[in-house]
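Supplied in structure tokens, the structure appears directly below.
All values below were derived from every heavy atom in this structure, side-chain atoms included, with hydrogens, water molecules and symmetry-related copies excluded. Below, chains carry the letters A, B, ... as their sequence lines are ordered, and counting in each starts from 1.
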Amino acid sequence: MPETLSIATWNINSVRLRIDLVGRFLTEQAPDILCLQETKCPNDVFPTAAFDKLGYRHKTYIGIKGYNGVAILSKLPLTPLAAQAMCGREDARHIAARIGEGSRAITLHNFYVPAGGDIADPDENPKFAHKLAFVEELKRFSESLRTEDARSVIVGDFNIAPLEHDVWSHKQLLDVVSHTPVETRSLTEVLAAGDWHDVVRAQWPEPRKVYSWWSYRSPDWDKADKGRRLDHVWVGRGLAGGEAEISIHREARGWERPSDHVPVMARIQID
DNA sequence: ATGGTGGTTAGACCA
């Protein structure tokens, strides 16, 4: 077990369509662990051989046909943990594993929070209501981890940009799903409830702009740079003593047929 | 200014 662990999170928007992009990222950056969201891939057709070939022989994944789906791929041995059926649904939005053994082992949770649709009103839009209920449940889950397992890491596509400089225009996005006050407040409460350490913002504090997602609908995404920080890496208080080293792989948004999200990677201390 | 693009999958549904 090494003294640091590098963990990457990436909403891949179809792992089968973009397996070559995943391979490029893993070859170039070689994180110890890769967490994926939106694999859109049932378990019986998950591309296990490609990951084996890349050196990621240890894995746990859960997928359903057509949408959602999460996975953890690792160079190090892992023990799969029970997935949470969030909001009482078996919809493949959470997966977890123990990495390592003994007192230095850590627990890793990978979440894909619902996007929430277009209308920021839970009475009018059931998808937004689902998102808010999901985040409330995440708050209770965080509370339980804070007391039971402080050596936890939680990553994923949270589909919320919580801070003013997590979006290209705070004012223009205040009523846009992903940055509404009800969402940003709720996600901030999840952070507090788990006593989580936002290691990305620890490295790049506000008011620096930090993004991990650029819409497909925006032409010339790089020049316009109308991004949002939707993908997060939070470290539990039992692991937050050390420095984390962050990289956000913006270059992946410019690759051929890219995901609209880019990998966010953190090297964390685990002793 | 209320479009725009992309994946999965076969007409919408999701993001």
How does the hydrophobic cluster around A:Trp213 look, that is, which other residues are in it when side-chain heavy atoms under 4.5 Å mark a link?
A:Leu230
Length of the line joining A:Glu256:CD and B:dG6:P, which is rounded to integer Å:
12 Å
Does a side-chain N or O from A:Arg93 land closer than 4.0 Å to OP1 or OP2 of B:dC14, or not?
no
When you compare B:dG4 with B:dA15, how far apart are their C1' atoms, in angstrom units rounded to a whole number?
14 Å
Would you verify whether the NZ or CZ of A:Arg253 falls within 45 degrees of the ring axis of A:Trp221 while also being under 6.0 Å from that six-membered ring's centre?
yes
Could you tell me which non-hydrogen atom of A:Tyr112 sits nearest to which non-hydrogen atom of A:Asn159, and how far apart they are?
CE1-ND2, 3.7 Å
Between CG of A:Asn11 and C1' of B:dT5 the distance, given in whole Å, is 15 Å
Round to a whole Å and report the spacing from NZ of A:Lys40 to P of B:dC14.
12 Å
Residue pair A:Tyr112/A:Ser218 against DNA chain B: nearer the 5' end by closest nucleotide is A:Ser218
Holding to side-chain hydrogen bond (donor to acceptor under 3.5 Å, both in side chains), I want the full list of residues that pass it with A:Arg24, two or more places apart in sequence or in another chain.
A:Glu28
Quick one, which residues of residues 13-25 of chain A touch DNA chain B with a heavy atom under 4.0 Å?
A:Asn13, A:Ser14, A:Leu17, A:Arg18
If I take atom CG in residue A:Asp260 and atom P in nucleotide B:dT8, what distance separates them, rounded to the nearest angstrom?
13 Å
For A:Ile12 and B:dT8, what is the distance between atoms CD1 and P respectively, to the nearest whole Å?
11 Å
Atom NZ of A:Lys65 and atom C1' of B:dG7 are separated, to the nearest Å, by 14 Å
Pick base, sugar-phosphate or nothing for A:Arg228, based on heavy-atom distances below 4.0 Å to the nucleic acid.
nothing
A:Thr60: which residues meet the side-chain hydrogen bond (donor to acceptor under 3.5 Å, both in side chains) condition with it, sequence neighbours left out?
none
Name the pairs: protein N/O against N/O of nucleotides 1-3 of chain B, kept only if under 3.5 Å.
none

Span that lies between the C1' atom of B:dC14 and that of B:dA10, in whole angstrom
15 Å
Just jot down the side-chain hydrogen bond (donor to acceptor under 3.5 Å, both in side chains) partners of A:His249, sequence neighbours excluded, or say none.
A:Ser247, A:Glu251
Across all chains, not counting sequence neighbours, the side-chain contact (heavy atoms from CB on, under 4.5 Å) partners of A:Asn125 are A:Ile119, A:Lys127, A:Phe128
Is A:Ser186 close to A:Leu132 at the side-chain level, that is, under 4.5 Å between some pair of heavy atoms?
no
According to the interplanar angle, ranging from 0 to 90°, do the rings of A:His94 and A:His109 count as parallel (below 30°), tilted (30 to 60°) or perpendicular (above 60°)?
parallel
Could you give the CG-to-C1' distance, from A:Asp157 to B:dC14, as a whole number of Å?
13 Å
Contact residues, residues 118-129 of chain A to DNA chain B [heavy atom, < 4.0 Å]
A:Lys127
If the condition is side-chain hydrogen bond (donor to acceptor under 3.5 Å, both in side chains), which residues does A:Arg250 pass it with, not counting sequence neighbours?
A:Asp222, A:Asp225
Give each stem of DNA chain B as a range with a range, requiring at least 3 consecutive Watson-Crick or G-U wobble pairs whose two distances are under 3.5 Å.
B:5-8 with B:12-15
Let me know the distance between CH2 of A:Trp10 and P of B:dA15, rounded to the nearest Å.
20 Å
Shortest non-hydrogen contact between A:Asp32 and A:Thr4, atoms and distance
OD2-O, 4.1 Å
If you assign A:Arg257 and A:Tyr67 each to the DNA chain B nucleotide with the nearest heavy atom, which residue ends up on the more 5' nucleotide?
A:Arg257
Rounded to the nearest 0.5 Å, how far apart are OG1 of A:Thr79 and NE2 of A:His58?
10.5 Å
Pairs satisfying ring pair (Phe, Tyr, Trp, His ring centres under 6.0 Å), at least one member in residues 146-195 of chain A, at least two apart:
A:Phe158-A:His232, A:Phe158-A:Trp234, A:His170-A:His179
Linking Ile, Leu, Val, Met, Phe, Trp and Tyr through side-chain heavy atoms less than 4.5 Å apart, which residues share a cluster with A:Ile64?
A:Tyr67
